[in-house]
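Heads up: the structure comes next, in structure tokens.
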Amino acid sequence: RSGHVTRYIELHVHLDGAIRVQTILDVAKRRGIDLRAHTVEEMTRRIALEEPATLTVFLDKFNQYMHVVAGDREAIKRIAYEFVENEAKEGVIYVEVRYCPHLLANSGVEPIPWNHDEGDLSPDEVVRLVNQGLREGERAFSIKARSILCCMRHMPSWSMEIVELCKKYQHDGVVGIDLAGDESLNCEANPDHRRAYEEAERCGIHRTVHAGEAVEVLKAERIGHGYRTLEDQNLYRKLLKLNMHFEMCPLSSKLTGACHPDFTKHPIITFKNDKANYSLNTDDPLVLNSTLQHDYSIAQKYMGFTEEEFKRVNICSAQSSFLPEKEKQELLLKLYEAYGMIQSTAF
Ligand SMILES: O=c1[nH]cnc2c1ncn2[C@@H]1O[C@H](CO)[C@@H](O)[C@H]1O
């Protein structure tokens, strides 16, 4: 992409949807797991979604590889570390990465996911391993990484445990809670999810939710995607007035079938024209076989984005990040400097 913006913030990306294919192959080999795919190309073809499908088909792709890394301490830490390296290479200076600790554990989780036998890796230790990987990555690549823990729509019984983990690690890398998974399961009002979000609010844990209806019920501060809020103009106007932040993922919205595949008619264009508060994100670069650069070039090529709008988007992202106020101001200052909006304070 031609242009000047080279410093980014990413707020909506799934750690388990952002693993390197080579890492999956390496871990499978070490653990003696037969993947029936031996090269990065073969494995990528197996995982990647290339044509528009449904969210259900999209989420099914995780079945191709999650069993390889789940329950494996070394793999989980490595994934987190390499994730930070990937983000740094893309020019990201601050990222909030999300995942569900229960989906990577093999003990203290009911049911144990991915048909694994019971082991001894608990969701709590998963969070510690991810934190370690992220922290080492931060030091090695000089960027900042925080995490968001995901409740899963189909597993309301995990949600209270997730919020307890958010509380436990609130001052140790975890900045928020999310509700992810298949949106055809219409379950914002599920009492377990609801109780978890109430507890999050009570304890000052920041809240984002995949899908927009959830603002009132779950007291979300940000909305994952939310393209369809445009279909309800009253809701959309209300959210604009509230300065609600929308985490937009261009390529993902097409391939998960959330939006019409014609990017030139994409809802993001309306959000842009209305100068809404939103970010541009990859969502799941592994499953989409994509990069943040690719999402930005889609926005530039098909949605009429200018460098000015890219700057505004990243400033909105920093402002809507889940960082404490002081760190948020530091991050904003970095962006203003990178975008030539103030004189560098370095000298
Ligand atoms: O675009 C998405 N919409 C909803 N759920 C998702 C999406 N991408 C990934 N996940 C789900 O979130 C879990 C935790 O990271 C993933 O395991 C996947 O099941």
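Note that ligands are numbered from 1 as they come in the structure, with each ligand's atoms numbered from 1 the same way. The residues of the chain are indexed from 1 along the displayed sequence.
- The residues E82 and R78 are annotated as salt-bridged, a charged nitrogen and a carboxylate oxygen being separated by less than 4.0 angstrom.
- Relative to atom 8 (N) of ligand 1, the option among D60, D284, N63 with the closest non-hydrogen atom is D284.
- Using cut-offs of 30° and 60° on the angle between ring planes, the pair Y227 and H266 is perpendicular.
- A salt bridge links R135 with D172: at least one charged nitrogen is closer than 4.0 Å to a carboxylate oxygen.
- Atom 7 (C) of ligand 1 has H14 NE2, 3.5 Å as its closest protein atom, hydrogens excluded (heavy atom only).
- No more than 12 heavy atoms of other residues, nucleotides or ligands lie within 6.0 Å of CZ in R228, so this atom counts as exposed by the packing criterion.
- If you check which protein heavy atom lies closest to atom 17 (O) of ligand 1, you get D16 OD2, 2.4 Å.
- Here the protein heavy atom with the shortest distance to atom 1 (O) of ligand 1 is D283 OD2, 2.7 Å.
- More than 12 heavy-atom neighbours from other residues, nucleotides or ligands sit within 6.0 angstrom of CZ on F141.
- Only the side chain of L103 comes within 4.0 Å of ligand 1, judged by heavy-atom distances.
- Considering backbone and side-chain N/O atoms, Y99 never comes within less than 3.5 Å of an N/O atom of ligand 1.
- The protein non-hydrogen atom at the shortest distance from atom 19 (O) of ligand 1 is M152 CE, 3.5 Å.
- At the top of the distance list for atom 6 (C) of ligand 1, counting protein heavy atoms only, stands L59 CD2, 3.5 Å.
- Here the protein heavy atom with the shortest distance to atom 3 (N) of ligand 1 is H210 CD2, 3.4 Å.
- Atom CG of N115 has 12 or fewer heavy atoms from other residues, nucleotides or ligands within 6.0 Å.
- Taking all heavy atoms of A18, C249, G181 into account, the minimum distance to atom 5 (N) of ligand 1 is reached by G181.
- Figure legend: R222 and F322 shown as a cation-pi pair, the cationic atom lying under 6.0 angstrom from the six-membered ring centre and within 45 degrees of its axis.
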